[in-house]
Amino acid sequence: MQVRQDWKPKIVAFCCNWCSYAGADLAGSSRRSYPADVKIIRVPCSCRVNPLFILRAFQRGADGVIICGCHPGDCHYTSGNYYARRRMTLLFKMLEYLGIEKGRTRVEWVSAAEGAKFSSVMNDFVQTVTALGENVKLEDLRCKEPLN
Amino acid sequence: MQGTAQLILERARELMQSGQIQRVLGWEKGEFEHDPTPAFFESEEELQNFCYNDYCGANLSKYLIAASKLEGKTLVCIKPCDSYSLNQLITEHRVNREKVFVLAVPCPGMLDPVKTEGKDLSQGERKDYLLDKCLCCKGAEHKIADETIEGPSLDLAPEDRFAQVRELEALSPQERFDFWRGELSRCIRCNACRNVCPACSCVKCVFDNPNSGVSSKASADDFEENMFHIIRAFHVAGRCTDCGECSRVCPQRIPLHLLNRKFIADIDELYGEYQAGEEAEQRSPLVNYQTTDKEPSDALKGRG
Ligand code: SF4
Ligand code: SF4
Ligand code: FES
């Protein structure tokens with residue numbers, strides 16, 4: 001198999017509007033860096049993330065997917081992240097059961113005041129996914145760029 | 001079996017004559033002994049084709065969604081395992097309890113036509129010919145009933161339904177991936193598993209939406225099969241009663257119960273033992289939470 005020379009992982013980060021997205025903003029304005037390979041998708045609340053979103057991200061070529069929301073107890077909608085926590089736990093355990101490396105999925109709680117945490121979480125996640133290499137188990141070949 | 005069928009018929013006729021029920025939901029004789037089909041019987045004349053034999057494994061509860069919209073009451077024959085599905089459907093307001101007369105029927109364990117094909121049933125034990133779902137029988141007790149017909153029940157110590165899940169969990173990620181690729185790649189996307197599932201009762205299903213990316217009948221790519229099965233199992237997680245219908249109807253004999261039971265095992269372990277359909281009006285673990293629930297990262301600790 002041909003290996004792409006300059007391979008960098010594609011990471012999709014679902015960030016809730018009220019905490020984590022603001023946390024990403026703060027990371028930016030306080031000049032904390034995180035890899036450009038992280039593509040942020042803003043969602044109203046962590047519980048807006050439908051499992052299909054995650055699978056579709058993998059299908060379209062993501063190598064890792066991370067969901068960030070307000071800390072438990074701080075959800076703007078009171079309890080959204082509690083539901084999300086159960087759903088994501090079960091979904092990620094299922095993906096692991098199907099043989100998908102569990103390092104490719106993660107849930108983190110990042111508040112609007114945690115710019116530094118946001119950047120360290122993203123750096124760490126990108127590192128983990130880079131070590132795992134390209135996601136070949138959940139990709140859809142039709143969505144891949146041709147190799148040359 | 002003959003006796004039970006007779007008792008059901010007698011009672012159904014009486015209730016029909018007295019006008020308490022409008023129709024009967026049961027099984028209709030097929031061409032062969034091994035292919036009875038679920039059917040509605042609107043009159044005593046039609047009831048002549050009624051049957052209840054060793055091959056009535058089909059769970060009738062889902063047909064009550066349609067029957068709830070009809071005039072009058074429907075008498076339904078419910079086996080012990082089907083009663084869980086019916087409770088779940090009532091909880092989800094898909095079946096109108098007022099419109100159903102639940103006739104609880106005894107079940108001696110149902111046979112699998114694939115296992116009995118070309119076999120002489122007097123050889124070997126009944127256990128060897130039972131449907132897989134019957135090997136993990138939930139017991140002879142009905143969880144919902146208006147009236148009960150007495151009769152012989154399955155006399156068998158149920159197998160541990162999580163044994164295979166544990167075996168799979170003990171494999172390496174690559175082995176698990178290969179196992180599931182091998183199983184799921186046989187899927188022909190006939191949608192039979194979805195259509196039969198009492199928990200899959202949405203009027204508009206995501207798999208019928210051409211924009212969902214998982215609606216195609218013939219999957220063009222490995223991924224679609226994965227996605228279909230993960231999403232389907234996830235959508236019924238916490239509501240699946242483990243009735244075993246999906247695995248029973250799959251023409252490709254894909255062990256779909258191993259996906260559902262994984263969710264059940266995880267739910268039991270993380271959020272407390274839960275049996276969907278045990279009683280009506282329970283709150284499913286996925287529409288519920290505790291502030292002290294485990295963090296995903298902790299729940300995923302351990303094996304690689
Ligand atoms: S019944 Fe079997 S073959 Fe048909 S869609 Fe379901 S898993 Fe695939
Ligand atoms: S997923 Fe399968 S076992 Fe679960 S309720 Fe549906 S048909 Fe029954
Ligand atoms: S609003 Fe942030 S998790 Fe609900």
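Protein chains get the first letters and strands the later ones, always in sequence-line order, with residue 1 at the start of each.
Taking CG of A:Leu90 as the start and NZ of B:Lys262 as the end, the distance is 9.0 Å to the nearest 0.5 Å. Taken to the nearest 0.5 Å, the CG atom of A:Leu55 stands 9.5 Å off from the CZ atom of B:Phe234. Residue B:Asn226 holds its CG atom at 12.0 Å from CZ of A:Phe58, rounded to the nearest 0.5 Å. In this structure, A:Ile54 CD1 and B:Ile230 CD1 are separated by 10.5 Å, a value rounded to the nearest 0.5 Å. A distance of 4.5 Å separates CD1 of B:Ile231 from CG of A:Leu52, quoted to the nearest 0.5 Å.
The closest donor-acceptor contact from the side chain of A:Lys93 to the backbone of B:Ala299 lies under 3.5 Å.
Using a 4.5 Å cut-off between heavy atoms, B:Glu175 makes no contact with chain A at all. For a residue to count as touching a neighbouring chain, one of its non-hydrogen atoms must lie under 4.5 Å from one of that chain's; by this rule B:Asp178 does not touch chain A. Heavy atoms of B:Thr291 lying under 4.5 Å from chain A belong to its backbone as well as its side chain. Contacts between B:Val206 and chain A at a heavy-atom distance below 4.5 Å involve the side chain alone, from C-beta outward. Contacts between B:Leu286 and chain A at a heavy-atom distance below 4.5 Å involve backbone atoms as well as side-chain atoms. Heavy-atom distances place the side chain of B:Leu270, and not its backbone, under 4.5 Å from chain A.
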For a side chain to side chain contact (heavy atoms under 4.5 Å, CB included) check, start with the C-alpha distance between A:Tyr97 and B:Val165, then their side-chain angles and the critical distance, and finish with the verdict. CA-CA 9 Å; A:Tyr97 183 64; B:Val165 173; 3.8 Å; yes
Audit row: A:Glu96, B:Arg176, side chain to side chain contact (heavy atoms under 4.5 Å, CB included) steps and yes/no: CA-CA 9 Å; A:Glu96 188 204 7; B:Arg176 281 200 297 270; 4.0 Å; yes
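Shown here is A:Arg48, whose CZ atom has no more than 12 heavy atoms of other residues, nucleotides or ligands within 6.0 Å. Counting non-hydrogen atoms of other residues, nucleotides and ligands closer than 6.0 Å to CZ of A:Arg32 gives a total of 12 or fewer. For B:Lys115, the NZ atom is densely surrounded, since the number of other residues' heavy atoms within 6.0 Å is greater than 12.
Ranked by heavy-atom pairs shorter than 4.5 Å toward chain B, the options A:Leu98, A:Val107, A:Thr105 are led by A:Leu98. Of the residues considered (B:Glu295, B:Gln174, B:His229), B:Glu295 shows the highest number of contacts with chain A, using heavy-atom pairs under 4.5 Å.
Of all residues in residues 66-89 of chain A, those placing a non-hydrogen atom less than 4.5 angstrom from a non-hydrogen atom of chain B are A:Pro72, A:Ser79, A:Tyr82, A:Tyr83, A:Arg85, A:Arg86, A:Arg87, A:Thr89.
The nearest pair of heavy atoms linking A:Leu91 to B:Phe263 is N-CE2, 4.4 Å.
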